[in-house]
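Note that the structure is a prediction, hence the values are computed from the model and not measured. These numbers come from the heavy atoms of this one structure, side chains and all, not from hydrogens, waters or symmetry mates.
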Amino acid sequence: GGDTYFTQRHRFMLYTQQDGDVTVPPIHVRFEDKPDFTSDPEPIEGSTSELHLQSNRPPGTESMGVVVTVEQLDIEQTWTPAPPFSVEAGDVIRRTIVQRADGSTAMMFAPPPDDAPEGVRVYPSDPTVIDRTDRGVSIAERTDSIQYQFTQTGTFALPDLTFTWWDPQAEQLKDAQLEG
């Protein structure tokens, strides 16, 4: 009928981590609206309804901390210098780990453990987290960097790393392992 409407939508993702009832309180909104293009703005306020839902952890995740729920978690690592390498006491090598997935947020990805054998100091850096949304598809990426400094001579085995996630499509736990 010749009316023009502008809308704005906000999406909130909930990542529950325990079994039980979850209540999301009402969200209060304020904005201004013009009855037509030439009139002065008028303040409008409103609230959403309270939301109640039941949260259930996937089976087999009871002993896990945070459960990452994505269909596919892509994980890759690089070493600087690239293996095979030989180092001397005092030398430092860097392990960079990148985790990527669609349909999540990077803050949900687990940090890599910073374990190392005796004689090796570990220096993790703050992660870089990137969340992008393109035409409704969210893409998350977390990059962690760990530096290992060898404080003595010897032969050392840096640990393998395992990352586990819940695939809701296949309804099963999956994991990926990075070689030490």
(request) Kindly write out the residues that satisfy side-chain hydrogen bond (donor to acceptor under 3.5 Å, both in side chains) with T69, not counting sequence neighbours, or none if the list is empty. (result) none
(message) Minimum heavy-atom separation for W79 and P83, please, with both atom names.
(response) CB-CD, 3.6 Å
(request) Could you pull out all residues at least two apart from A176 that satisfy side-chain contact (heavy atoms from CB on, under 4.5 Å)? (result) I75, W165
(request) For residues 104-154, pull every pair meeting ring pair (Phe, Tyr, Trp, His ring centres under 6.0 Å), keeping only residues two or more places apart or in separate chains. (result) F150-F156
(request) Output all residues satisfying salt bridge (charged side-chain N to carboxylate O under 4.0 Å, His left out) with E71, sequence neighbours left out; order by chain, then residue number. (result) none
(request) Would you please name every residue forming a side-chain hydrogen bond (donor to acceptor under 3.5 Å, both in side chains) with S86, sequence neighbours left out? (result) none
(message) If you count every heavy atom of other residues, nucleotides or ligands that lies below 6.0 Å from E50 atom CD, does the total exceed 12?
(response) yes
(message) Just to verify, what does Q17 make a side-chain hydrogen bond (donor to acceptor under 3.5 Å, both in side chains) with, not counting sequence neighbours?
(response) none
(request) Could you pull out all residues at least two apart from E62 that satisfy side-chain contact (heavy atoms from CB on, under 4.5 Å)? (result) none
(request) List for me each residue that meets salt bridge (charged side-chain N to carboxylate O under 4.0 Å, His left out) alongside K174, sequence neighbours excluded, and say none if there are none. (result) D167
(request) Run through the side-chain heavy atoms of Ile, Leu, Val, Met, Phe, Trp and Tyr, join any pair under 4.5 Å, and report what else lands in V24's cluster. (result) L14, V22, L51, L53
(request) Flag yes if more than 12 heavy atoms outside E88 fall under 6.0 Å of its CD atom; otherwise flag no. (result) no
(request) Identify, with sequence neighbours excluded, every residue that meets side-chain hydrogen bond (donor to acceptor under 3.5 Å, both in side chains) alongside T16. (result) S55
(request) Mind jotting down which residue pairs meet the side-chain hydrogen bond (donor to acceptor under 3.5 Å, both in side chains) criterion with at least one end in residues 129-140? Sequence neighbours excluded, please. (result) T105-D131
(message) If the threshold is 4.0 Å, N to carboxylate O, is there a salt bridge linking R100 and E141?
(response) yes
(request) Check D115 against P159 and note the closest heavy-atom contact, atom names and distance. (result) O-CG, 3.3 Å
(message) Can you list everything that forms a side-chain contact (heavy atoms from CB on, under 4.5 Å) with D126? Sequence neighbours excluded, please.
(response) none
